[in-house]
Amino acid sequence: MALTERINMPKVEEFQQDLISWFEAEQRDLPWRKDNDPYKVWVSEIMLQQTRVETVIPYFQRFLEKFPTIESFAEADEESILKIWEGLGYYSRVRNLHSAIKEVVANYGGKVPDQKEEILKLKGVGPYTAGAVLSIAYGIPEPAVDGNVMRVLSRILLITEDIAVPASRKTFEACARALMFEPNPSYFNQALMELGALVCTPTSPACLLCPVQKHCSAFEKGVQDQLPVKTRKKNTRHDELVAIVLQNEKGEFLIRKRPGKGLLANLWEFPNIETRPVLEPYETLQDFLMTKYSVDAEVTPESFTMVHHVFTHLRWTISAFSGKVVNGRLEEDERIRFVTEEEMGELAFPVSHQKIWQAYKSHVKYERENER
DNA sequence: AACTCGTGGTT
DNA sequence: TAACCAAGAGT
């Protein structure tokens, strides 16, 4: 076939044997490897998207304690699914997962589809996740090409296609298919990823410890450090914000829910505004609170903290102020509320606003100790 | 195809 | 420190 003509293929059977044997001996003991229940495999794969294993472990365990069955998660409300995802990032993952799980319960009798075309229709399930679930949960020989696999295969097969270009994933899928270990697709896919995570790492790969070293074209030529080829860089935006931790007469705090689409969708936050390029139409936080929420407030002249928060594609600098309501006429609704600290604990906040809250708490504590 | 979408750890 | 990276998908 064309593939084997262009690419220097290793001896497939020997390669598979070396790879699978290594995986059986060296694989990590991870919570989602205790069984191959499709629901658990699915949840773990979504959590692991662009996220480190060590970060995911506690989230995965908490998730399954709270939602042990596919039905229990399907019945959950959005507030609680965001709360369990709080701090994990990429929050649309959990909203898509929730939507997809409800779909499975409603239309597939609670059984995760084992057909590629069907599972790919589900929200949040792309080519990687489809391959991972099909192979790990059902033993179907479908490739699961993630960043690890592209890196590993680019080295073993000396593929110089730019992995930052979406279209090149097809090449790697074809290669993974050509190398697929039919008796155990689950172990084959997981072994490639595990190899990428433990041995064939992005920088300074441990080639001397590699179980498939003798099959690796990059190692043979000594070019493993130059692969994979990955171009694209990011352009980061910088936003400056001012935020307000505002208490009413009862000591409750004003919070609002972010819009249902876009960055940090539907998470709660302290009211805030951008200060650039202009601070209009509100000159101050006091005017902002009055104009937007009809709240008459007294805001401290100095901010109590400056929070820096870095996202993948943008950066926030937040000056946080505190204040008290003088005359509240605010009408609360679904997206704007006064809540106690205890009630806040039930809601999901982005990490940037958790930083503000922590700073506020220590600020208040410091003020209190200073009075004595 | 390029851009958006989080967070924490490494280099 | 800034850039890069980690079991990607939606638009």
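Note that the coordinates shown come from a computational prediction; the quantities given were computed from them, not determined experimentally. Each chain gets a letter, A, B and so on, in the order the sequences are listed, and its residues count up from 1. Excluded from the calculations below are hydrogen atoms, water molecules and symmetry mates; all remaining heavy atoms, backbone and side chain alike, are included.
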*Mutual orientation of the aromatic rings belonging to Tyr360(A) and Trp357(A) [parallel < 30°, tilted 30-60°, perpendicular > 60°]*: parallel

*Among the nucleotides dT7(B), dA7(C), dT4(B), which one has an atom lying closest to any side-chain atom of Tyr128(A)?*
dA7(C)

*Across the strands shown, which category fits Arg28(A) at heavy-atom distances under 4.0 angstrom: base, sugar-phosphate, nothing?*
base

_With a 4.0 Å limit, can you tell me whether His309(A) has a side-chain N or O closer than that to the phosphate oxygens OP1/OP2 of dT7(B)?_
yes

_Contact list for DNA chain C against residues 19-27 of chain A - heavy-atom distance below 4.0 Å_ = none

_Of the options dA7(C), dG6(B), dA1(B), whose atoms approach the side-chain atoms of Val53(A) most closely?_
dA7(C)

_Applying a 4.0 Å non-hydrogen cut-off, can you work out what Gly196(A) is touching in the nucleic acid: base, sugar-phosphate, or nothing?_
nothing

*Atom-to-atom span, CG of Leu48(A) to C1' of dG8(B) - whole angstrom*: 15 Å

_Leu97(A) CG - dA7(C) P separation (whole Å)_ = 20 Å

*Provide, to the nearest angstrom, the distance between the CZ atom belonging to Arg33(A) and the P atom belonging to dA7(C).*
12 Å

*Does the side chain of Gln49(A) get closer than 4.0 angstrom to OP1 or OP2 of dA7(C) through an N or O atom?*
no

*Looking at Tyr59(A), is Arg62(A) sitting on its ring face, NZ or CZ under 6.0 Å from the six-membered ring centre and within 45 degrees of the normal?*
yes

*Ignoring backbone atoms, test whether Tyr91(A) places a side-chain nitrogen or oxygen under 4.0 Å from the OP1 or OP2 oxygen of dT7(B).*
yes

*Glu45(A) and Tyr128(A) side chains, donor-acceptor separation under 3.5 Å*: yes

*Taking only side-chain nitrogens and oxygens of Thr129(A), does any of them come within less than 4.0 Å of OP1 or OP2 of dA9(C)?*
yes

*Please step through ring pair (Phe, Tyr, Trp, His ring centres under 6.0 Å) for the pair Phe253(A) and Phe270(A), ending with a clear verdict.*
CA-CA 9 Å; Phe253(A) 298 93; Phe270(A) 297 113; 7.2 Å; no

_Pair Lys40(A) + Asp35(A), salt bridge at N-O below 4.0 Å_ = yes

*From the list dA7(C), dG6(B), dG8(B), which nucleotide is the closest neighbour of the side chain of Glu194(A)?*
dA7(C)

*NA contact type, Leu30(A), heavy-atom cut-off 4.0 Å: base, sugar-phosphate, or nothing?*
base

*How many Å lie between NZ on Lys230(A) and P on dC4(C), as a whole number?*
10 Å

_Sidechain N-carboxylate O distance under 4.0 Å for Lys34(A), Asp37(A)_ = no

*Could you check Glu45(A) against Thr236(A) and say which one's nearest nucleotide on DNA chain C is further toward the 5' end?*
Thr236(A)

_When you measure from the side-chain N and O atoms of His313(A) to the phosphate of dC5(B), is any distance below 4.0 Å, counting only OP1 and OP2?_
yes

*Ignoring hydrogens and angles, are the base of dT7(B) and the side chain of Thr312(A) linked by a donor-acceptor pair under 3.5 Å?*
yes

_Nearest to side-chain heavy atoms of Trp32(A), which nucleotide of dC5(B), dT7(B), dA7(C)_ = dA7(C)

Interface polar pairs with nucleotides 9-11 of chain B, N/O, under 3.5 angstrom:
none

*Residues Glu173(A) and Lys170(A) bridged, charged N to O under 4.0 Å*: no

*Are any of the side-chain nitrogens in Glu298(A) or Lys324(A) under 4.0 Å away from the carboxylate oxygens of its partner?*
no

*Taking only Lys NZ, Arg NE, NH1 and NH2, and the carboxylate oxygens of Asp or Glu, determine whether Lys214(A) and Asp18(A) approach each other closer than 4.0 Å.*
yes

_Distance check, C1' atoms only: dA7(C) and dC3(B), in whole angstrom units._
22 Å

*So what does Leu264(A) touch, heavy atoms closer than 4.0 Å: a base, only the sugar-phosphate, or nothing?*
sugar-phosphate

*Between atom CD in Gln50(A) and atom P in dC5(B), what is the gap in whole Å?*
15 Å

*Under 4.0 angstrom, heavy atoms only, what part of the nucleic acid is Ser44(A) near: base, sugar-phosphate, or nothing?*
nothing

*Measure from CE on Met193(A) to P on dG8(C) and round the result to the nearest Å.*
9 Å

*When the distance from CE of Met47(A) to C1' of dT7(B) is rounded to whole Å, what number comes out?*
14 Å

_Using a 4.0 Å heavy-atom cut-off, does Asn96(A) contact any base of the nucleic acid, only the sugar-phosphate backbone, or nothing at all?_
sugar-phosphate

*asked:* At 4.0 Å (heavy atoms only), tell me whether Val125(A) reaches a base, stays on the sugar-phosphate, or touches nothing.
replied: sugar-phosphate

*Are Glu78(A) and Lys83(A) within salt-bridge range, i.e. N to O under 4.0 Å?*
no

*For the residue pair Phe73(A) and His98(A), does the interplanar ring angle fall in the parallel (under 30°), tilted (30 to 60°) or perpendicular (over 60°) class?*
perpendicular

*Ignoring hydrogens and angles, are the base of dG6(B) and the side chain of Ser352(A) linked by a donor-acceptor pair under 3.5 Å?*
no

*Let me know the distance between CG of Asn36(A) and P of dA7(C), rounded to the nearest Å.*
20 Å

*Map Arg93(A) and Val165(A) onto DNA chain B by nearest heavy atom, then report which one ends up closer to the 5' terminus.*
Val165(A)

*Would you indicate what Arg169(A) reaches in the nucleic acid, counting non-hydrogen atoms under 4.0 angstrom: base, sugar-phosphate, or nothing?*
nothing

_Between dT11(C) and dG6(B), how far apart are the two P atoms, rounded to whole Å?_
14 Å

*Using the C1' atom on both, measure dA1(B) against dG10(C) and round to a whole Å.*
14 Å

_Sidechain N-carboxylate O distance under 4.0 Å for Lys257(A), Glu269(A)_ = no

*Nearest to side-chain heavy atoms of Asn148(A), which nucleotide of dG8(C), dA7(C), dA9(C)*: dA7(C)

